[in-house]
Amino acid sequence: MTDTPTWLLHALPANAVVDEKLNATLSALAAALADNRDKPLVTAGLLTEIQGHLAHAQPFAAYEAAVNGIAGQVWQLFEAVHQRQNRPAKLAFLNLVVRHLTPGALAQLCRRWAKDADPAIRRAVGRVIETGAIHEVALPATKDGAWSPAGWRKGTVEVDLSRHKVGTAVQEANSVPPLANLRQLRELLGIRSAKQLGYFLLASDKDDGPYTRFTVPKRGGGERVICAPKPQLKWVQRRIHERILSGVPLADAAHGFVPGRSIVSNAAAHVGAAVVVKFDLKDFFPTIHSYRMIGLFARMGYSVGTAKIATADESASVAPVLARLCSYTPDPRAWGKAHAPQGAPTSPAVSNLICRHLDARLGGLARKLGGVYTRYADDLTFSFAATGIDLGRFRWWVDQVCQQEGFVMNADKFRVIRRSQRQLVTGLVVNDGVRPTREQRRAFRAVLHNCRRNGVVTEARGDPRFSQYLRGFASYLHMVRSTEGADLVRQVAELLDPPGGGEDKP
């Protein structure tokens, strides 16, 4: 219990006692929760059983100590329950928190799940918020609204996808090709038949679906899940990107995966700042679920139809089908669990378009405070020429705006970098210009020195991608610092393609 956050602990009354038998029972159930976190129905049953034991103990003096004893263990399950988008487990977790955990825990849960992909979860959280059980200050949902947790529901109350104007005129105004039905969509994307469309709409790696799922190690530890489309779907997604998504204007603040912009343009906006403030969005692509993508395509002027996926040529469900073609789901039978996958050609463009309102609000906040804002995928960067910014208040505002726009800040990656420190933005130093780090340049020059002395094949140590690394890193340095980089590009070319033949490649 010593490692449990204070906001998860009840204040113990003077007559509090410890019921060893009850605590042992609850600890065993909490351990079973940890062992079965990948089994949603089992998780829901165990949470309900814990709730039952606590409800039975509530009239007695052992209640608060019992809750405190397992609060930390139960809360460790929060992220696992959140990410799996399972309604029974989420409702059971919400019921347990409402009835037995602290107001602080309830506030954290409701704030997060107010924008859940599942409408039933959003409604359940909305009912809790409406009771007034949470006493938090939050941005209002409207200009004249109260500064209360009701603001957490901004954009989710009484939202009707069919409210968007549709038709050829709207589509042309948004610079997208006019599409009235799925036959026209298939023809645009080169999908041969309704049957092939149906296969793509499985949107999963299960049941021999059109995706492959694997993991790669993260630079900072852990694993990143990649959901890569198989060649046919990948080809279709590229056409969606080229023929639909690429024509829609983006916010000026967006620099990731945008033609003509890069990590260099993202970093250049912050050169010479007195203070650089960096935020990171948590679970960026999984947060962009299918309903948000349907809304995106509906705003372009495409019909929602029945708001469900279909394959018949005469169907007008263009927006839902486009959203599904850009989605991945772990369960092809579960409609509401799809999200933008990391690995699909469409995901960067979809995320940039969905972030337009976020970028506009954060850009306006930065300008109001005399600063600059840019975003590279899930990395948010602000910089200020003056040092008198109230960083605590500013962080609160950014956090609130992100929540209202359906994103979650990663508190562990928040950084404040002052002029006296090395200011890094998307991996580049921006204190007095844009340049790579000294360590990067020295390390690469050392690699080239060893290649000249020992030979490229020896330094490759059997890695078939070593030559690609040399060319790629030299090109990266050339992009950042053209003069120095040009010399390194020349050196790499001489190593890999020496004059007179005798190519030395791994």
Side-chain angles (χ1 to χ4, degrees), residues 205 210-235 237-238 241 255-259 261-267 280 283-285 328 341-348 376-379 413 422 424-429 434-506:
D205 59 319
Y211 276 92
T212 300
R213 187 175 182 272
F214 56 93
T215 60
V216 296
K218 289 184 179 180
R219 184 170 51 186
E223 292 185 329
R224 188 184 309 279
V225 177
I226 304 296
C227 305
K230 293 178 181 177
Q232 285 184 316
L233 178 58
K234 188 174 186 177
W235 186 83
Q237 289 176 341
R238 282 176 173 163
H241 177 263
H255 289 261
F257 318 107
V258 180
R261 305 178 201 173
S262 64
I263 61 171
V264 178
S265 62
N266 183 70
D280 180 84
D283 301 325
F284 184 52
F285 286 134
Y328 166 84
Q342 184 155 346
T346 47
S347 291
Y376 193 94
D378 55 356
D379 292 327
K413 294 189 177 181
R422 185 171 69 170
L424 283 175
V425 176
T426 45
L428 300 171
V429 181
V434 179
R435 57 181 174 81
T437 65
R438 184 178 290 108
E439 294 86 352
Q440 286 178 320
R441 292 149 61 199
R442 285 178 175 174
F444 189 66
R445 287 186 177 278
V447 169
L448 296 184
H449 173 75
N450 291 335
C451 285
R452 283 191 293 268
R453 185 179 63 181
N454 304 323
V456 175
V457 174
T458 301
E459 289 301 308
R461 295 180 175 88
D463 185 354
R465 299 168 299 177
F466 186 69
S467 61
Q468 295 177 10
Y469 155 72
L470 293 176
R471 294 186 193 278
F473 202 85
S475 297
Y476 159 71
L477 295 175
H478 186 211
M479 175 181 68
V480 179
R481 302 193 79 172
S482 58
T483 303
E484 179 184 8
D487 180 56
L488 294 173
V489 168
R490 178 187 57 76
Q491 292 182 43
V492 169
E494 290 175 354
L495 284 168
L496 298 180
D497 303 300
E503 212 172 311
D504 186 12
K505 291 183 180 180

Next item on the list: Give the intermediate values and the outcome of side-chain contact (heavy atoms from CB on, under 4.5 Å) for residues R261 and N266.
Entry: CA-CA 7 Å; R261 305 178 201 173; N266 183 70; over 6 Å; no
Margin query: Is there a salt bridge (Lys or Arg N to Asp or Glu O under 4.0 Å) between R461 and D463? Walk through the geometry before answering.
Written below: CA-CA 6 Å; R461 295 180 175 88; D463 185 354; over 6 Å; no
Item checked: Separation of E484 CD from R441 CZ (nearest 0.5 Å) -> 4.5 Å
Notebook entry, point to check: What are the two closest non-hydrogen atoms of I226 and G343, and how far apart are they?
Noted result: CG2-CA, 4.2 Å
Would you mind writing out the side-chain donor-acceptor pairs for residues 474-483 within the sub-3.5 Å range, not counting sequence neighbours?
from, atom 1, to, atom 2, distance (Å)
S475, OG, R471, O, 2.9

Margin query: What's the separation between atom SG in C451 and atom CG in L496, rounded to the nearest 0.5 Å?
Written below: 8.0 Å
Notebook entry, point to check: Residues two or more places apart in sequence or in another chain: which of them pass salt bridge (Lys or Arg N to Asp or Glu O under 4.0 Å) with R438?
Noted result: none
Item checked: Heavy-atom closest pair, residues F257 and A377 -> CE1-CB, 3.8 Å
Item checked: Taking every non-hydrogen atom, the tightest pair across A344 and Y211 -> CB-OH, 4.5 Å
Checklist line | Y328 side chain near D205 side chain, heavy-atom distance below 4.5 Å | finding: yes
Check: When you look at L470 and L448, which way does the side-chain contact (heavy atoms from CB on, under 4.5 Å) test go after all the steps?
Finding: CA-CA 8 Å; L470 293 176; L448 296 184; 4.1 Å; yes
Checklist line | P341 vs P229 side-chain heavy atoms within contact, under 4.5 Å | finding: no
Item checked: Polar side-chain atom of Q440 near backbone of T437 as donor-acceptor pair, under 3.5 Å -> yes
Checklist line | Nearest non-hydrogen partners of S347 and F285, listed with the distance | finding: O-CE2, 3.6 Å
Next item on the list: Check the angle between the aromatic planes of F444 and Y469 and answer parallel, tilted or perpendicular using the 30° and 60° thresholds.
Entry: perpendicular
Next item on the list: Work out which heavy atom in H241 is nearest to a heavy atom in P345; give both atom names and the distance.
Entry: CD2-O, 4.2 Å
Item checked: side-chain contact (heavy atoms from CB on, under 4.5 Å) assessment of V429 paired with L424 -> CA-CA 5 Å; V429 181; L424 283 175; 3.6 Å; yes
Next item on the list: State which residues pass side chain to side chain donor-acceptor pair (under 3.5 Å) with Q342; sequence neighbours excluded, sorted by chain then number.
Entry: none
Next item on the list: List the atom of T426, the atom of I263, and the distance in Å for their closest heavy-atom pair.
Entry: OG1-O, 3.3 Å
Next item on the list: Could you grab the distance from atom CZ of R224 to atom OG1 of T215, nearest 0.5 Å is fine?
Entry: 11.0 Å
Margin query: Just verifying a value: how many Å separate K234 NZ and Q237 CD, rounded to the nearest 0.5 Å?
Written below: 9.0 Å
Check: So do the side chains of H255 and V264 get within less than 4.5 Å of each other, counting heavy atoms only?
Finding: no
